[in-house]
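My questions will all concern the structure given below.
Order of the sequence lines sets the chain letters (A, B, ...), proteins ahead of strands, with each chain counted from 1. Just so it is clear, the structure is predicted and the values come from calculations on it, not from any experiment.
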Amino acid sequence: MKELAKSYNPADCEEKIYQKWEKSGYFNPDNLPLPENAKSYTIILPPPNITDKLHLGHSSMLAIEDLLIRFHRMNGYRTLWLPGTDHAAIATQNVVEKKLFQEKGLTRHDLGREKFLQEVWKFLEKTQNTILKQIRKMGASLDWSRLAFTLDKPRQKAVAQMFVDMYHQGVIYRGERIVNWCPRCHSTLADDEVEHREQKTNLYTFRYWQEFPIPIATTRPETKLGDTAVAVNPKDKRYQKYIGQEFKGEFCNIPLKIKVIAEREVDMNFGTGAVGVTPAHSMTDWKMAENNRLEIKKVIDEDGKIRAGFGRFSGLSASEAGREVVKELKKNGLLEKVEEIDNALSTCYRCQTTIEPLPSKQWFVSVHKKIPRLGNKSLQEKALEVAQKEEISFIPNRFKKRYLHWMENLHDWCISRQIWFGHRLPVWYKGDEIYVNTKPPKDVENWIQDPDVLDTWFSSGMWTFSTLGWPDNFKNGQKTGDLAKFHPTQVLETGYEILTLWVSRMIMMSLFALEEIPFENVYLHGMVLDAQGQKMSKSKGNGIDPLEVINEYGTDALRLSLLIGNTPGNNIKISPEKFVGMRNLVNKLWNIARYMEIKFQISEIGNEQKNLEQLLQNKKLTLADKWILQKLQTLIISVTKQIKNYNFSPAGQELKDFTWNDLADWYLEISKVENNLPEKQQILHIILVNLLKLWHPFIPFVTEEIQQELFPDSGLLLISPWPKAKKTNLKKEISQDFQLLQEIVSGIRKARTEYKLSPQQKIKVIIYSPEKHSLLKEQVNILKNLQTGVEELVIKSQGAKIEQAHFLALNGAEIYIPLQNIINLRKEREKTKKEISVTKKFIASLEKKLKNKNFLQKAPAEVVNKEKEKLAGQKNKLKNLNEYLEKIS
RNA sequence: GGACAAUUAGCUCAGUUGGUUAGAGCGCUCGCUUGACGUGCGAGAGGUCACAGGUUCAAAUCCUGUAUUGUCCACCA
């Protein structure tokens with residue numbers, strides 16, 4: 001006889017079990033023993049940054065995705081979960097730059113492009129595998145044979161191809177725009193990479209020069225050196241007369257030419273109601289300049305300094321220049337007012353440096369360009385369409401709204417980045433000539449390649465299909481190989497914070513390249529927060545390291561902590577106490593198996609299939625036996641349904657309730673006092689085999705370990721078929737009868753506690769039951785032995801009065817214990833009956849009213865209709881009530 | 001400013017189309033050194049479901065408003 005260890009020790013078996021899975025080859029869908037026509041189920045892992053270490057956010061993502069993957073693998077899908085990592089251009093370059101500066105005091109410019117990139121790759125060699133190893137520790141059943149990296153050879157090929165295709169179809173273009181420029185990163189940032197921070201700032205009200213008729217207000221005096229216009233609201237009576245006029249003068253000794261223009265956007269009530277227009281250094285001003293064909297005068301350069309040609313200001317940093325301009329204004333008596341206002345400062349999401357809006361030549365993906373291949377629709381239109389038509393659905397659904405809102409207001413996407421690490425643009429210049437191709441021009445020595453690299457989201461936007469062999473697996477509009485097998489994928493599971501950043505791009509890129517959606521469902525998870533609801537961060541010191549949790553409590557406990565109590569789209573707060581609870585639950589399951597083995601030797605049944613129907617014919621089955629088998633069937637149905645609906649938390653909760661409450665606390669306790677051992681052995685075998693499967697997607701390690709220890713011949717749980725509920729001819733009353741039994745046992749225990757009876761003291765119990773519960777008589781044995789101390793049990797049903805019926809008389813003395821279930825059921829029935837009679841009366845009165853000719857003729861049609869609706873509603877309600885009454889009777 | 005959430009026991013949260021007595025875990029109190037598990041077992045205390053209206057026979061659940069908190073988006077010189 002085998003004996004499992006006294007408690008479950010995750011450290012002993014997790015490594016071993018994972019290796020066993022990996023060696024089996026079943027992480028790879030090609031190796032799954034499936035019929036040719038098996039449906040595929042694919043999730044592409046959102047690639048973590050290579051410089052990342054596993055944090056709870058990853059753990060949560062992995063737990064959810066692995067649950068889905070294991071569930072579908074067991075359900076007979078050709079299941080692929082494809083792993084990969086992201087090169088995260090700017091982020092990675094930043095890390096290496098910082099390191100370089102700290103260790104050697106060098107900047108990337110000191111090294112030059114080539115040497116710097118060598119440094120980056122050296123660094124990556126070291127960090128690259130850390131995250132992948134840690135992902136394995138989570139038990140993630142990823143197909144490692146398909147591992148991809150957003151900057152490896154196949155992805156470079158795909159990205160270049162995509163760029164070239166988009167360029168030739170006019171979707172990618174080069175243009176000058178105001179971009180969000182980070183003077184420190186020396187790179188542009190996409191709109192959504194800019195962070196806004198609330199701050200107090202000075203608003204200066206002044207005139208350019210004494211004679212200038214319109215005072216203006218600004219928070220950035222230094223940019224006023226580049227003003228070429230003043231915009232006022234066309235309705236503004238103060239300034240109407242100046243519209244169209246041009247003024248010349250000197251502002252801080254710099255000559256300015258200012259035209260007064262009308263713009264409806266201008267808020268008459270803010271500042272002076274007039275805006276100094278600086279086309280080169282403000283997004284909105286740039287647009288005004290375009291509308292009014294204004295001159296564009298650049299003031300600030302790429303380093304955030306004032307350009308040449310601005311007298312003594314040239315060479316100063318923007319903020320220094322700002323102070324100098326204010327001084328100058330004060331000196332000349334031009335400053336009219338300084339006030340403090342709330343302002344949103346734009347900063348770089350990576351380094352928090354203040355953003356400078358600058359005009360520069362950049363590459364863009366047009367979201368508005370009509371594409372003949374896509375039915376002459378733009379990427380924006382197509383991406384909206386697939387969500388509106390629900391080809392792609394969002395979980396939870398409210399994110400659909402957010403997605404649509406974002407897509408409707410989408411601007412062209414700036415994809416060039418002035419950094420060195422990343423996908424280099426496949427673009428070469430010779431004078432004014434531009435050459436765009438996947439391969440360099442033949443006379444490459446005469447050309448200069450664009451120094452920029454692509455936005456990291458460009459390559460990750462292609463992730464669902466670049467990982468499946470695009471473009472090689474896509475010829476003449478036909479998918480082949482992996483692409484045909486696994487695209488579109490079924491679920492994209494990711495954080496809601498990158499819905500816009502990533503999800504929207506993936507949709508557009510896939511629509512462009514394949515003319516199909518990248519995924520059918522988008523499941524969005526929230527952030528993992530600490531117990532106080534704070535984001536976990538190193539600086540706050542409130543971070544929980546998942547690896548430490550794994551060491552202390554085991555991976556299964558960590559996974560459960562992240563699955564139970566976690567609902568789609570909402571943040572989850574987590575604290576160490578939760579890990580303890582989940583560790584205990586895992587251990588409980590372990591001990592249930594241990595008990596079944598020690599007491600019932602269920603492993604000796606081996607993998608012999610037990611026929612449930614035959615078993616149910618067996619007359620030796622007790623009420624408890626039937627009850628637990630019935631419970632198991634409903635559990636299977638419910639858990640399956642919940643997982644299909646992405647309700648992982650309730651599914652886990654139900655499993656827990658069954659395992660701990662129904663099985664351990666009731667059935668196993670009863671099994672100690674009932675003596676139909678062969679039947680019990682078979683039942684427990686059925687239950688354990690099914691329970692291990694149901695639990696497996698949640699807690700793969702402990703379930704697999706139990707399986708391997710007790711049923712080594714049954715193969716891996718990893719690919720065991722998911723349980724199917726079987727129809728049984730078990731009667732509905734079973735659960736009610738059993739509930740009554742539970743109620744009585746609880747009642748007795750309660751009474752013992754209340755009257756402080758010692759455990760040794762035996763009692764006599766008399767039950768007055770108004771219902772016929774002949775079954776109870778068969779349960780006397782249970783009641784006597786279930787640690788209730790019952791020595792004698794009398795059941796009076798015939799002739800028992802209602803008033804007495806709900807009480808237990810204890811020990812001859814008049815000690816009453818209400819049997820709540822019976823009382824409440826009765827009350828509920830009476831209440832419902834009353835409601836039914838009220839409703840019937842109401843219906844009768846309505847019908848009477850509606851037959852009344854006076855009413856029909858004189859009352860307005862609306863009122864009559866309303867009454868008719870009411871009647872229909874009441875009739876419906878009556879039906880519901882009747883059904884309900886039947887249910888509780 | 002706009003949008004979307006959230007507000008239920010001391011804490012963390014369930015509560016799926018309005019319908020049993022609003023549930024669970026942790027914590028707390030009391031009792032069990034019961035041969036699977038003390039990582040356990042039993043019993044218990046603790047909630048006017050943020051507030052104010054409304055719809056309904058019936059509201060934690062639907063509607064309106066208010067307050068507080070959070071997130072995202074936009075952005076003003």
Side-chain angles (χ1 to χ4, degrees), chain A residues 3-4 6-8 191-192 196 203 216-220 223-224 230-231 265-267 270-278 282-285 341 343-344 346 396 398-399 401-402 405-406 409 496-497 499-500 526-527 531-533 553 557 564-567 569-575 577-578 580-599 642 645 647 649-650 653 656-657 664-665 668-669 672 745-746 749-754 756 758-759 787 820-821 823-825 827-829 831-832 834-836 838-839 841-842 873-874 877 880-881 884 887-888:
Chain A
E3 193 168 313
L4 299 179
K6 204 169 175 194
S7 61
Y8 172 60
D191 286 349
D192 33 47
H196 300 279
L203 180 71
I216 60 164
T218 185
T219 54
R220 298 203 54 195
T223 63
K224 298 294 107 184
V230 163
E265 309 276 304
V266 177
D267 180 355
F270 187 89
T272 62
V275 184
V277 182
T278 322
S282 152
M283 301 270 182
T284 46
D285 294 9
I341 59 161
N343 190 11
S346 305
R398 66 184 145 96
F399 283 100
K401 232 184 231 176
R402 196 187 275 190
H405 184 252
W406 165 264
N409 299 306
Y496 63 73
E497 70 276 8
L499 176 70
T500 51
M527 288 182 295
Q532 279 70 46
Y553 304 102
I564 293 183
N566 194 356
T567 48
N570 294 322
N571 297 337
I572 174 173
K573 292 180 198 169
I574 212 154
S575 60
E577 292 82 46
K578 196 165 180 187
V580 176
M582 295 306 160
R583 191 258 331 252
N584 295 355
L585 172 57
V586 169
N587 186 59
K588 186 77 185 179
L589 181 65
W590 175 266
N591 268 289
I592 286 169
R594 173 176 142 90
Y595 176 70
M596 289 183 182
E597 177 53 18
I598 292 172
K599 196 93 177 183
Q642 296 283 26
N645 291 335
N647 295 325
S649 182
Q653 197 63 248
K656 182 192 170 183
D657 289 344
D665 290 345
L668 289 184
E669 287 307 315
K672 289 174 182 171
V745 172
S746 289
R749 283 174 181 164
K750 213 189 237 177
R752 294 195 72 102
T753 308
E754 204 167 315
K756 299 203 163 109
S758 80
Q787 293 146 39
Q820 288 295 339
N821 254 348
I823 296 174
N824 293 322
L825 213 59
K827 272 188 190 164
E828 184 60 21
R829 264 178 239 155
K831 208 173 114 194
T832 311
K834 253 184 208 166
E835 273 181 34
I836 287 175
V838 168
T839 312
K841 273 180 200 165
F842 193 35
Q874 288 300 315
K877 182 195 146 196
N880 290 342
L881 282 172
Y884 178 58
K887 209 169 100 190
I888 58 175

Next item on the list: Just compare B/C13, B/G40, B/A14 and give me whichever is closest to any side-chain atom of A/K588.
Entry: B/G40
Notebook entry, point to check: NA contact type, A/G276, heavy-atom cut-off 4.0 Å: base, sugar-phosphate, or nothing?
Noted result: sugar-phosphate
Check: If you look at every strand shown and take non-hydrogen atoms under 4.0 Å, does A/T218 touch a base, only sugar-phosphate, or nothing?
Finding: sugar-phosphate
Item checked: Given B/A43, B/U39, B/C37, the nucleotide with the shortest approach to the side chain of A/E669 -> B/C37
Next item on the list: For B/U20 and B/G2, measure between their P atoms and round to the nearest Å.
Entry: 39 Å
Check: So what does A/A274 hit on the nucleic acid, given a heavy-atom distance under 4.0 Å: a base, only sugar-phosphate, or nothing?
Finding: nothing
Margin query: Mind checking if A/T567 touches a base, just sugar-phosphate, or nothing, with heavy atoms under 4.0 Å?
Written below: sugar-phosphate
Margin query: With rounding to the nearest 0.5 angstrom, report the CD1 to CE distance, A/I564 to A/M582.
Written below: 4.5 Å
Next item on the list: Give a yes or no on whether the backbone of A/Y553 and the side-chain of A/R583 come within a donor-acceptor separation of less than 3.5 Å.
Entry: no
Margin query: I want to verify a distance call: between B/U16, B/A24, B/C37, whose nearest atom is closest to the A/N647 side chain?
Written below: B/U16
Margin query: What's the closest nucleotide to the side chain of A/W406 if the choices are B/A77, B/C73, B/U39?
Written below: B/C73
Note to self: If you compare every side-chain N and O of A/K578 against the phosphate oxygens of B/C26 (OP1, OP2), does one of them come in below 4.0 Å?
What the structure shows: no
Item checked: Nucleotide nearest A/R402 (side chain, heavy atoms from C-beta), chosen from B/U71, B/A14, B/U39 -> B/U71
Note to self: Categorize A/R398 for me: base, sugar-phosphate, or nothing, with a 4.0 angstrom heavy-atom threshold over every strand shown.
What the structure shows: sugar-phosphate
Notebook entry, point to check: Among the nucleotides B/A36, B/C4, B/A43, which one has an atom lying closest to any side-chain atom of A/S746?
Noted result: B/A43
Notebook entry, point to check: A/G581 or A/N587: which one's nearest nucleotide on RNA chain B is closer to the 5' end?
Noted result: A/G581
Next item on the list: Please tell me which of the listed nucleotides, B/A14, B/G42, B/A36, lies nearest to the side chain of A/D665?
Entry: B/G42
Notebook entry, point to check: Considering only B/A77, B/U39, B/A5, which nucleotide approaches the side chain of A/N584 most closely?
Noted result: B/U39
Margin query: From the set B/A24, B/C13, B/A77, return the single nucleotide nearest to any side-chain atom of A/K224.
Written below: B/A77
Check: What dot-bracket string describes RNA chain B from 5' to 3', counting Watson-Crick and G-U wobble pairs whose defining distances are under 3.5 Å, with [ ] for crossing pairs and | for pairs to another strand?
Finding: (((((((..((((.....[...)))).(((((.......))))).....(((((..]....))))))))))))....
